[in-house]
S.K.: 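Just dropping this structure here.
Just so we're on the same page: letters track the sequence lines, and every chain starts at 1.
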Protein chains: 2
Amino acid sequence: MTDVKTPINPLFLREEELRQGIELLFFAYRDFTAEPDAILAEYGYGRAHHRVIYFVGRNPGMTVSDLLAILRITKQSLSRVLGQLVDEGFITQRPGTVDRRQRLLELTEKGTELERQLTERQRARFAAAYRDAGAEAVEGFRKVMLGLIDEADRPRFPQRGPGWR
Amino acid sequence: MTDVKTPINPLFLREEELRQGIELLFFAYRDFTAEPDAILAEYGYGRAHHRVIYFVGRNPGMTVSDLLAILRITKQSLSRVLGQLVDEGFITQRPGTVDRRQRLLELTEKGTELERQLTERQRARFAAAYRDAGAEAVEGFRKVMLGLIDEADRPRFPQRGPGWR
DNA sequence: TCTTTACGTCAGTCATGTTGACATATATCG
DNA sequence: CGATATATGTCAACATGACTGACGTAAAGA
């Protein structure tokens with residue numbers, strides 16, 4: 001009779017491996033958000049503001065609908081945060097040229113500066129982790145993370161074609 | 001004069017790579033938490049309850065201080081959530097034997113069942129991602145994720161010694 | 001013209017975090 | 001033993017960011 005918790009048991013191995021994955025994700029996310037949160041607090045902003053600034057900076061000219069689809073929150077929730085950022089001069093809205101109901105979003109210069117300041121820490125964290133882990137590990141990381149994301153959103157991360165490298 | 005945004009430019013490549021990392025983490029976390037959140041809502045609970053149940057299940061007999069250190073929230077915040085879970089019979093507290101000020105936390109049978117139900121989806125998501133990515137990718141994933149976590153918490157994820165595999 | 005879509009707004013609620021102050025029991029140290 | 005520190009709990013007030021539901025406007029599309 002073998003102990004269920006002995007590492008020799010393959011079922012326990014698998015369970016342990018999966019739980020480690022869950023915990024890696026929890027701790028990484030916790031630490032990854034802590035630094036920007038501290039900066040945001042100085043502006044009286046929260047994590048939601050960072051997300052909006054980040055994705056608008058990444059996709060200049062995106063619509064409100066696009067943003068809602070990415071964040072998966074209600075328009076009422078977005079409205080408060082986005083409204084503040086527009087009022088305080090971090091983001092501009094201009095009507096779409098082809099569909100004038102749309103409000104195309106863009107960072108102002110001030111917004112770009114805040115985005116840079118906030119995301120800088122996170123980029124640095126990734127740069128260090130990538131450097132320490134090596135190129136092969138990065139490719140593995142990418143594969144696993146993609147597998148964790150709902151299939152519908154995976155096309156956001158295209159394969160690197162022949163134009164790359 | 002070359003276009004700054006041409007994929008040939010190595011600085012842009014790096015920037016793109018880092019931003020993809022940031023986004024992978026955002027989307028993975030967003031999708032990873034969505035399923036348990038839906039189950040929790042049926043109980044009138046939130047994500048905070050899941051975190052408490054998860055870590056108590058993972059570390060039976062852990063103290064309140066241990067839990068606070070993991071979650072990085074205030075004791076007042078924890079108190080509400082933990083109090084509910086104790087009151088409603090998901091978690092038991094018993095005084096420590098060596099230090100009787102401590103309240104050692106454990107899941108009840110009911111708590112174990114809820115934990116299983118909640119985490120099952122997340123384990124399944126990891127199992128699928130690991131399976132599709134392959135063993136080598138999983139090792140890379142582990143390496144990168146560890147690099148993203150504050151050094152102080154990395155010892156929570158020990159290397160696999162000779163007793164493993 | 002009628003309907004649908006994109007976006008906005010007002011109002012109320014809930015979950016989860018915060019700070020600050022204070023209380024109790026137990027452990028530890030001089 | 002007495003003083004101090006630690007582990008835990010509690011009350012109160014507040015902020016953030018999510019939610020639902022209802023309603024409104026302008027523009028696009030059938």
Side-chain angles (χ1 to χ4, degrees), chain A residues 26 29-30 33-34 36-56 61-88 91-105, chain B residues 26 29-30 33-34 36-56 61-88 91-106 118:
Chain A
F26 170 77
Y29 198 80
R30 186 199 65 178
T33 49
D37 282 359
I39 298 171
L40 287 156
E42 297 169 20
Y43 289 79
Y45 288 160
R47 200 174 292 177
H49 298 85
H50 187 190
R51 292 199 278 250
V52 169
I53 287 178
Y54 179 87
F55 284 109
V56 171
M62 77 189 307
T63 67
V64 173
S65 297
D66 291 340
L67 192 47
L68 286 172
I70 285 177
L71 299 177
R72 299 238 181 115
I73 60 176
T74 60
K75 62 178 176 177
Q76 295 93 325
S77 291
L78 175 58
S79 164
R80 244 185 335 218
V81 171
L82 181 56
Q84 279 179 285
L85 291 171
V86 170
D87 289 348
E88 298 170 31
I91 289 181
T92 55
Q93 294 176 309
R94 56 180 170 82
T97 47
V98 39
D99 185 338
R100 285 178 311 179
R101 292 171 303 179
Q102 299 176 332
R103 309 292 171 91
L104 309 188
L105 306 174
Chain B
F26 170 77
Y29 198 80
R30 185 198 65 177
T33 48
D37 281 358
I39 297 171
L40 286 157
E42 297 169 19
Y43 288 79
Y45 288 160
R47 200 174 292 179
H49 298 84
H50 187 189
R51 292 199 277 251
V52 169
I53 286 178
Y54 179 86
F55 284 108
V56 171
M62 78 189 306
T63 67
V64 173
S65 297
D66 292 341
L67 192 48
L68 285 173
I70 286 177
L71 300 177
R72 297 237 182 116
I73 59 176
T74 59
K75 63 179 176 176
Q76 295 92 326
S77 290
L78 175 57
S79 165
R80 245 185 334 221
V81 171
L82 181 55
Q84 281 179 284
L85 291 170
V86 169
D87 288 350
E88 297 170 30
I91 288 182
T92 53
Q93 295 176 310
R94 57 181 169 82
T97 47
V98 40
D99 185 338
R100 286 179 311 180
R101 291 172 303 180
Q102 299 176 331
R103 308 294 171 90
L104 308 187
L105 306 173
E106 266 171 28
L118 289 171

S.K.: Round to a whole Å and report the spacing from CG of B:L85 to C1' of C:dA15.
M.R.: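 Answer to the nearest Å: 13 Å.
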S.K.: How would you label the contact of B:V86 with the nucleic acid (heavy atoms, under 4.0 Å): base, sugar-phosphate, or nothing?
M.R.: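 Contact class for B:V86: none.
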S.K.: Starting at CZ of B:R30 and ending at P of D:dG17, how long is that distance when rounded to a whole Å?
M.R.: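 For the pair B:R30 CZ and D:dG17 P, the rounded distance is 18 Å.
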S.K.: Looking at B:H49, I'd like to know whether one of its side-chain N or O atoms comes within less than 4.0 Å of OP1 or OP2 on C:dA15.
M.R.: no
S.K.: May I have the distance from B:M62 (atom CE) to D:dA7 (atom C1'), rounded to whole angstrom?
M.R.: 15 Å
S.K.: Measure the distance from CG on B:L104 to P on D:dG9 and round it to the nearest whole Å.
M.R.: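 It is 11 Å, rounded to the nearest whole Å.
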S.K.: How long is the line joining OH of B:Y45 and C1' of C:dC14, in whole Å?
M.R.: 15 Å
S.K.: With a cut-off of less than 4.0 Å, is there a side-chain N or O of B:Q76 near OP1 or OP2 of C:dT16?
M.R.: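 The answer is no; no side-chain N or O of B:Q76 sits under 4.0 Å from OP1 or OP2.
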S.K.: Any N or O donor-acceptor pair linking the side chain of B:R103 to the base of D:dT8 at under 3.5 Å?
M.R.: no
S.K.: Given D:dG17, is OP1 or OP2 found less than 4.0 Å from the side-chain N or O atoms of A:S77?
M.R.: no
S.K.: Give B:V52 one of three labels, base, sugar-phosphate or nothing, depending on what nucleic acid heavy atoms sit under 4.0 Å from its own.
M.R.: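 Answer is nothing: B:V52 stays at 4.0 Å or more from every strand.
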S.K.: A side-chain contact here means heavy atoms from C-beta on lying under 4.5 Å apart; do A:L71 and A:V52 qualify?
M.R.: yes
S.K.: Which of these nucleotides, C:dG17, D:dA7, C:dA6, is closest to any side-chain atom of B:Q102?
M.R.: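 Comparing C:dG17, D:dA7, C:dA6 against the side chain of B:Q102, the answer is D:dA7.
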S.K.: Is any side-chain heavy atom of A:R103 less than 4.5 Å from a side-chain heavy atom of A:R94?
M.R.: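 A:R103 vs A:R94: side chains apart.
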S.K.: Please report the distance, rounded to the nearest Å, between CZ in B:R47 and P in C:dG17.
M.R.: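 So the CZ-P distance, B:R47 to C:dG17, works out to 10 Å.
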S.K.: Can you check whether B:R100 has a side-chain N or O nearer than 4.0 Å to OP1 or OP2 of C:dT24?
M.R.: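 No.
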S.K.: Taking atom CZ of B:R80 and atom CG of B:L85, what is their separation to the nearest 0.5 Å?
M.R.: 12.5 Å
S.K.: Round to the nearest Å and state the distance from A:L68 atom CG to C:dT5 atom C1'.
M.R.: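 Taking atom C1' of C:dT5 as the reference, CG of A:L68 is at 13 Å.
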S.K.: Any side-chain N or O of B:Q93 under 4.0 Å from OP1/OP2 of D:dG9?
M.R.: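 For D:dG9, OP1/OP2 do have a side-chain N/O of B:Q93 under 4.0 Å.
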S.K.: Where the side chain of A:V64 is concerned, which of C:dC7, D:dG9, D:dA18 is the nearest nucleotide?
M.R.: C:dC7
S.K.: 5'-most contact on DNA chain D: A:R101 or A:G44, nearest heavy atom basis?
M.R.: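 Per heavy-atom nearest nucleotide, the more 5' residue is A:G44.
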S.K.: Answer yes if the side chains of B:E88 and B:Y45 hold a donor-acceptor pair under 3.5 Å, and no otherwise.
M.R.: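 Yes, a side-chain donor-acceptor pair sits under 3.5 Å.
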S.K.: Any side-chain heavy atom of A:Q93 sitting closer than 4.5 Å to one from A:L82?
M.R.: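 Yes - at least one pair of side-chain heavy atoms lies under 4.5 Å apart.
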S.K.: If each of A:K75 and A:V98 is mapped to the nucleotide of DNA chain D with the nearest heavy atom, which maps nearer the 5' terminus, i.e. the 5' end?
M.R.: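 Checking each residue's closest nucleotide, the 5'-ward one belongs to A:K75.
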S.K.: Given D:dA18, is OP1 or OP2 found less than 4.0 Å from the side-chain N or O atoms of A:T74?
M.R.: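 Result: no.
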S.K.: Going by the ring-ring contact (aromatic ring centres under 6.0 Å, His included) test, name the single residue among B:F55, B:Y29, B:Y54 that passes it with A:F26.
M.R.: B:F55
S.K.: Remember a base hit wins even if backbone is also touched, and classify A:R80 as base, sugar-phosphate or nothing at under 4.0 Å, heavy atoms.
M.R.: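 Base: the residue A:R80, judged by heavy atoms under 4.0 Å, touches a nucleobase.
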S.K.: How long is the line joining CG of B:L78 and P of C:dT18, in whole Å?
M.R.: 11 Å
S.K.: So does B:R94 get a side-chain nitrogen or oxygen closer than 4.0 Å to the phosphate oxygens (OP1/OP2) of D:dT8?
M.R.: no
